[in-house]
Trainee: 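First the structure, which I've put down as C-alpha cells, then a few questions once you've had a look.
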Amino acid sequence: MTSARTFPPMLQPPDWPQCGHGANLTTGAGGCHGIQVPSHTACLAHLNETDRAGYLAGLAPGTDIDHRGTPFTEDLLSELLTALREPATGTPHFGRARFERAVFEGTGGFDGADFSGSAWFDQANFSGDAQFRKAKFGEDARFADATISGRAWFTRSEIRGEAWFHRAKFGGDADFYMAKIERLARFAEAHFSRESRFVGVTFSGGAWFPGVQFDGGAEFAGAVFSGSARFIRVQFTGDAVFAMAEFERNAKMGPIACTGTLNLSEAAFRSAVTIEAAAATVLCRRTQWDSTAALRLRYASVDLTDAVWEYPVSVAARSRPFLWGAEEVAEPGLTDPHVRIMSLRGVDAAHLVLTGVDLSDCRFAGTLRLDQLRLEGRYTFTFPPSGLRWHGMRPVRWTQRRALAEEHHWRSTRFVDAGGWRPAPAGEDALEPAELAPVYRQLRKSFEDSKHEPGAADFYYGEMEMRRHADDIPWVERALLTIYWALSGYGLRASRAMGWLLASMFATVLMMMLWGLPQDDPRSIGIGVITDRSITMTMDTPDPVNPTEPWHERLSTDRFEGSLRVVINSVIFRASGQNLTTAGTYIEMASRITEPVLLGLAILAIRGRVKR
C-alpha cells in the first residue's frame, strides 16, 4: 500500500512515459500527458481505431489497468468499461486501476464497478458528474486532489480499504448516502462547493475531516463512526446535520464554524467528547452522552430538550475565537458571540454545569432536579418590562428582578395592552402560574445551596407571584399573599415596606395631633383628711379631656412633638408615657402592632439583599 506522502504533488510533472499528442515543437508547448499504452507510443485516447480495438479486446474482467493522465470522453470510458464487464452480471470489474490525473469529459460513469485492487484517481478531473453508485473498492480508493465539477455520486458504495479524499474539490453536490468505508476515511482540506450528504454512512475505521470546507452545508444524519471521528477546523456555510449519528469511540469536534444550525439531535456519543463550535444554532434534542462531554460554544442558541446524560456535561460560552495552533479560526457570517440556552425541558440537571450563558429565553419547565443545576461565570436571566406602563386606565410598574421566559409568555396573554412581555414562540403554549411556581422554587433552592442569597431572593419573589396568581389555592390564601405583596414585596422590597412605615407613622402623628392628645395634660388632685394625729391623702387624676379647639389649632408644635414621641415609641414596642384620649389609646395600640411589623419587613428585605 502506498503511503499518503508518496502521491505526486499537483504541479509535479508526470513521471510516466507520456503520449505527447498535440505537442508543438516550435513553441515548446506540451502535449497529452496520458500514459502510453503498453507496446504503443500513444495513450488510449490517441491510439488509432485498430490499435485501440486490439488493446480493448485483450482486456478481461479483473485486469489491472493504467491510464494515468489519459483524457476520457464518455464514449471512450464506455468502451473501456464494456471490455471489463463480467459476462454473468454485466458489472465492470477492475483489478488495480490507476487513473491519476486522468481527465473525464462529461459524465464519469463508474456505477456498480468492482475494483478488486486499489483504485487511484489522485488529481483526476471530472468535468461533469462522477458516478460511483454501488461501486465496490476491494482495497484503497484514492481521490486526493481530485476535481469533480459536477455531482459526486458515491451512493451505497463500499470501500474495504482506506478512502483518500485529501484536498479533493467537489463543485456540485456530493452524495455518499449509505456508503460503507471499512478503514480510515481521510478528507483533509477537501472543499465541497455545494450540499454534501453522508447520510447513513458507516465509517468503520474512523473519519478525519481536518480543514474541510462545506460551502453548502453537510448532512451526516444516521452516520456511524465506529472509529475515531475528527472534525477539526471545519467550516460549514449552511447547516451541519449530525442527527441520529453514532460516535462509538472518541470524537473530536472542533473548532467548527457553522453559519447555520449544528444539529446533534438524537446523536449518541459513546465516549468522552469535546465540542468546540461557533454556530448560529446548536440543536441537542434527545442527544445521548454516555460519558463526560464539554460543549464550548460561541454565538449559539442551544436547545437541550430531552437530552440524556449520566456523567457531567458542561456548556460554556467562549469570549474569544477558537485557536488552531497560533491562528484564530475564521467565523464568517456570525455576529453576536453570546451563547443562549433556549430549552432545558426533559433534562436531568443534576450533572449539568452552565458557564457564562444567557438564560433570558430558556424554557425551564419540565427540567428534572433543577435545584441541582450549577451556574457559573457571568450568566443572565430576563427581567420584567421597565418603566411605567398602562394596563387599561391603571398605571403599572413591574418590580425589577430575575424572571423566567415562561413568566413572560404567561403575562403577555394578560397584559397585552401594557406591552413589554414577550409572547411564547410559535407552537409553544403559555404555561399557567401553578406550573411555574415549582420551577421558581427549584431555582431558588439551587441559588440558596450555592450561597447566592440575592439571586435566591429574586426567584422567591417569582415563586410567590406565581402562587398569588395560581388558581389551585384558596382565595383567602391568595388574599393574604396580595397583602404581603402590597406591603413589602413578600418581605423582599425594603423601599416598599419603608414607604408604608413612613406613611403609617405620618398618619399616626396626624391622628394623634387631631384626636389622640388631650386638650390639656390632666393634673393630679390630692385630698387630705386629718383624723386624730394621722393624715389620709387621696390622689385623683381626672380623665383626659378631648380637644375642643378648631382642627387647625390642634396642629401645633407642642402637639406634634408629643404625637411624634408616641409614634417613635410605638415602632419599637414601647409605651410613650403620654396622656392620651380614649381615641389616642386605640390609635397607639394599632400603631404598636402595625409599625413594628413594617419595620421588621424592611429589615428582612435589606438582610435578604446583603446576606451571603
Trainee: Under 3.5 Å, is there a donor on one side chain and an acceptor on the other for Ser301 and Arg340?
Mentor: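 Yes.
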
Trainee: Let me know which of Phe104, Phe99, Trp153 forms a ring-ring contact (aromatic ring centres under 6.0 Å, His included) with Phe126.
Mentor: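 When Phe104, Phe99, Trp153 are each tested with Phe126, the ring-ring contact (aromatic ring centres under 6.0 Å, His included) holds only for Phe104.
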
Trainee: Inspect the contact between Asp129 and Arg151 and indicate whether a charged nitrogen and a carboxylate oxygen are less than 4.0 angstrom apart.
Mentor: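 Answer for the salt bridge query: no.
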
Trainee: When you check the side-chain N and O atoms of Asn250 and Ser228, is any donor under 3.5 Å from an acceptor?
Mentor: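 No.
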
Trainee: Test Thr382 against every option in Arg422, Arg402, Glu406 by the side chain to side chain contact (heavy atoms under 4.5 Å, CB included) rule and name the one that passes.
Mentor: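 Option passing the side chain to side chain contact (heavy atoms under 4.5 Å, CB included) with Thr382: Arg422.
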
Trainee: Please confirm whether the backbone N or O of Ala45 pairs with a side-chain atom of Arg52, one donor and one acceptor, at under 3.5 Å?
Mentor: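 Checking the backbone N and O of Ala45 against the side chain of Arg52, a donor-acceptor pair under 3.5 Å is found.
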
Trainee: To the nearest 0.5 Å, how far apart are OH in Tyr299 and CD in Glu331?
Mentor: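 Rounded to the nearest 0.5 Å, the OH-CD separation comes to 3.5 Å.
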
Trainee: Are Phe214 and Phe231 an aromatic pair by the rule of ring centers under 6.0 Å?
Mentor: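 No.
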
Trainee: I'd like to know if the side chain of Trp289 reaches the main chain of Ala294, judged simply by a donor and an acceptor atom lying under 3.5 Å from each other, with no hydrogens or angles considered.
Mentor: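 No, the answer is negative, given that no donor and acceptor are paired below the 3.5 Å cut-off.
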
Trainee: Stepwise, does the side-chain contact (heavy atoms from CB on, under 4.5 Å) test hold for Ser360 with Thr380?
Mentor: CA-CA 6 Å; Ser360 300; Thr380 57; 4.2 Å; yes

Trainee: Where the side chain of Arg85 meets the backbone of Gly90, is there a donor-acceptor pair that is under 3.5 Å apart?
Mentor: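 Looks like yes, one N/O pair under 3.5 Å.
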
Trainee: Under a 3.5 Å distance rule, please check whether Gln442 uses its side chain to pair with a backbone N or O of Leu370 as donor and acceptor.
Mentor: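 Answer holds: yes.
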
Trainee: Any side-chain to backbone donor/acceptor pair from Ser78 onto Glu74? Under 3.5 Å, distance only.
Mentor: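 Side chain of Ser78 to backbone of Glu74: no pair is present.
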
Trainee: So does Glu432 get a backbone contact from the side chain of Glu435, meaning a donor-acceptor N/O pair under 3.5 Å?
Mentor: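 Here the side-chain-to-backbone pair exists.
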
Trainee: Going by heavy atoms in the side chains, are Asp114 and Thr89 under 4.5 Å from each other?
Mentor: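 The answer is no; the side chains never approach within 4.5 Å.
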
Trainee: Taking the basic N atoms (NZ, or NE/NH1/NH2) and the acidic carboxylate oxygens, is any pair closer than 4.0 Å for Glu428 and Arg345?
Mentor: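 Salt bridge: yes.
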
Trainee: Shortest non-hydrogen contact from Leu77 to Thr107?
Mentor: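 The answer is CD2-O, 4.4 Å.
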
Trainee: Going from OG on Ser450 to NZ on Lys445, what distance comes out if it is rounded to the nearest 0.5 angstrom?
Mentor: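 The distance works out to 10.5 Å.
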
Trainee: Tell me, do His409 and Pro425 make a side-chain contact under 4.5 Å, heavy atoms counted?
Mentor: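 Side chain of His409 against side chain of Pro425, heavy atoms only: contact under 4.5 Å found.
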
Trainee: Measuring only between side-chain heavy atoms, which start at C-beta, is Arg68 closer than 4.5 Å to Pro14?
Mentor: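 A side-chain contact is absent here, since even the closest heavy-atom pair is not under 4.5 Å.
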
Trainee: Out of the candidates Phe247, Phe242, Phe236, only one should pair with Phe220 under the ring-ring contact (aromatic ring centres under 6.0 Å, His included) rule; please name it.
Mentor: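 For Phe220, the ring-ring contact (aromatic ring centres under 6.0 Å, His included) check succeeds only for Phe242.
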
Trainee: Is a side-chain donor-acceptor pair under 3.5 Å present for Ser265 with Asn263?
Mentor: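 Checked: Asn263/Ser265 side chains pair up, N/O donor to acceptor below 3.5 Å.
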
Trainee: If you measure from the Lys or Arg side-chain nitrogens to the Asp or Glu carboxylate oxygens, is any gap between Arg296 and Glu276 under 4.0 Å?
Mentor: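 Judged by the 4.0 Å cut-off on N to carboxylate O distance, Arg296 and Glu276 do form a salt bridge.
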
Trainee: Take atom CZ in Arg374; do more than 12 heavy atoms of anything else shown fall under 6.0 Å from it?
Mentor: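 Incorrect, the count does not exceed 12.
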
Trainee: Hey, what do you get for CG (Leu368) to CG (Leu373), rounding to the nearest 0.5 Å?
Mentor: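 The CG atom of Leu368 sits 12.0 Å away from the CG atom of Leu373.
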
Trainee: Atom CZ in Phe143, atom CZ in Phe170: separation rounded to 0.5 Å?
Mentor: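 Answer for the CZ-CZ pair, Phe143 versus Phe170, is 8.5 Å.
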
Trainee: Could you tell me whether the side chain of Asp173 and the main chain of Arg194 form a donor-acceptor pair under 3.5 Å?
Mentor: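 No.
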
Trainee: Between Lys180 and Glu182, is the closest basic N to carboxylate O distance under 4.0 Å?
Mentor: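 No.
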
Trainee: Ignoring hydrogens and geometry, is there a side-chain-to-backbone donor-acceptor pair from Asp140 to Glu162 under 3.5 Å?
Mentor: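 Yes, the answer is positive, given that a donor and an acceptor are paired below the 3.5 Å cut-off.
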
Trainee: Under a 4.0 Å threshold between the charged nitrogen and the carboxylate oxygen, would Arg286 count as salt-bridged to Glu266?
Mentor: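 Counted as a salt bridge, because a side-chain N and a carboxylate O are separated by less than 4.0 Å.
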
Trainee: Please check if atom NE2 in His93 has more than 12 non-hydrogen atoms from other residues, nucleotides or ligands closer than 6.0 Å.
Mentor: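 Above 12, so yes.
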
Trainee: Are any non-hydrogen side-chain atoms of Leu352 and Leu344 less than 4.5 angstrom apart?
Mentor: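 Of all side-chain heavy-atom pairs linking Leu344 with Leu352, at least one is under 4.5 Å.
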
Trainee: Would you name the heavy atoms of Pro332 and Gln235 that are closest together and state the gap between them?
Mentor: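 It is CD-NE2, 4.2 Å.
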
Trainee: How far apart are the C-alpha atoms of Val357 and Cys362, what are their side-chain angles, what is the distance that settles it, and do they pass the side-chain contact (heavy atoms from CB on, under 4.5 Å) test?
Mentor: CA-CA 10 Å; Val357 298; Cys362 183; over 6 Å; no

Trainee: Between Asp75 and Thr73, do the side chains contain an N or O donor and an N or O acceptor separated by less than 3.5 Å?
Mentor: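 No, no side-chain donor-acceptor pair sits under 3.5 Å.
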
Trainee: Counting only heavy atoms not in Trp208, do more than 12 fall under 6.0 Å of its CH2?
Mentor: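 Counting other residues, nucleotides and ligands, CH2 of Trp208 stays at 12 neighbours or fewer.
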
Trainee: Answer yes when Asp303 and Arg285 have at least one side-chain N-carboxylate O distance shorter than 4.0 Å, and no when they do not.
Mentor: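 Yes, Asp303 and Arg285 are salt-bridged.
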
Trainee: Take Leu80 and His67 through the side-chain contact (heavy atoms from CB on, under 4.5 Å) test and state the conclusion after the steps.
Mentor: CA-CA 11 Å; Leu80 176 62; His67 293 294; 4.1 Å; yes

Trainee: With Phe121 as reference, evaluate Phe137, Phe132, Phe154, Trp164 under the ring-ring contact (aromatic ring centres under 6.0 Å, His included) test and give the passing residue.
Mentor: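 With Phe121 as partner, ring-ring contact (aromatic ring centres under 6.0 Å, His included) holds for just one option, Phe132.
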
Trainee: Less than 4.5 Å apart, any side-chain heavy atom of Leu375 and any of Phe381?
Mentor: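 SC-SC contact between Leu375 and Phe381 confirmed.
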
Trainee: I'd like to check Pro255 versus Pro321 (side-chain heavy atoms, cut-off strictly below 4.5 Å). Are they in contact?
Mentor: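 Counting from C-beta outward, Pro255 and Pro321 never come under 4.5 Å.
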
Trainee: Can you give me the closest heavy-atom contact between Cys284 and Ala307, atom names plus distance?
Mentor: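 Heavy atoms of Cys284 and Ala307 come nearest at O-CB, 3.6 Å.
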
Trainee: Do Phe269 and Ile275 touch side chain to side chain, with heavy atoms closer than 4.5 Å?
Mentor: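 Side chain of Phe269 against side chain of Ile275, heavy atoms only: contact under 4.5 Å found.
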
Trainee: Can you tell me how far apart CD (Glu189) and CZ (Arg233) are? Round to the nearest 0.5 Å.
Mentor: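 Going from the CD atom of Glu189 to the CZ atom of Arg233 covers 6.0 Å.
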
Trainee: One pair to check against side-chain contact (heavy atoms from CB on, under 4.5 Å): Leu443 and Leu404. What are the steps and the verdict?
Mentor: CA-CA 10 Å; Leu443 282 172; Leu404 299 183; 3.5 Å; yes

Trainee: Which word best sums up how the rings of Phe209 and Phe187 line up, parallel for under 30°, tilted for 30 to 60°, or perpendicular for over 60°?
Mentor: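 Parallel, since the angle between the ring planes stays under 30°.
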
Trainee: State whether the side chain of Ser196 and the backbone N or O of Gly217 hold a donor-acceptor pair below 3.5 Å, judged by distance alone.
Mentor: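 Yes; at least one donor-acceptor contact below 3.5 Å.
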
Trainee: Identify which one of His166, Gln123, Arg167 satisfies the side-chain hydrogen bond (donor to acceptor under 3.5 Å, both in side chains) criterion when paired with Asp145.
Mentor: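 The passing option is Arg167.
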
Trainee: Do Phe165 and Phe176 pass the ring-ring contact (aromatic ring centres under 6.0 Å, His included) test, and can you show the C-alpha distance, the side-chain angles, and the key distance before you say yes or no?
Mentor: CA-CA 13 Å; Phe165 288 89; Phe176 288 79; 5.6 Å; yes

Trainee: Which of these passes side-chain hydrogen bond (donor to acceptor under 3.5 Å, both in side chains) with Ser343: Thr305, Asp361, Thr367?
Mentor: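 The passing option is Thr305.
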
Trainee: Can you confirm whether Trp16 sits close enough to Arg98 that some side-chain heavy atom of one is under 4.5 Å from a side-chain heavy atom of the other?
Mentor: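 Answer no - side chains too far apart.
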
Trainee: Specify the closest pair of heavy atoms between Ala280 and Leu334, including all atoms of both residues, with the distance to one decimal.
Mentor: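 Of all heavy-atom pairs spanning Ala280 and Leu334, the closest is N-CD2, 3.8 Å.
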
Trainee: Under 3.5 Å, is there a donor-acceptor pair between the side chain of Gln131 and the main chain of Gly108?
Mentor: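 The answer is no, because no donor-acceptor pair under 3.5 Å joins these two groups.
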
Trainee: Hey, what do you get for CZ (Arg249) to OG (Ser271), rounding to the nearest 0.5 Å?
Mentor: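 Going from CZ on Arg249 over to OG on Ser271, the span is 8.5 Å.
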
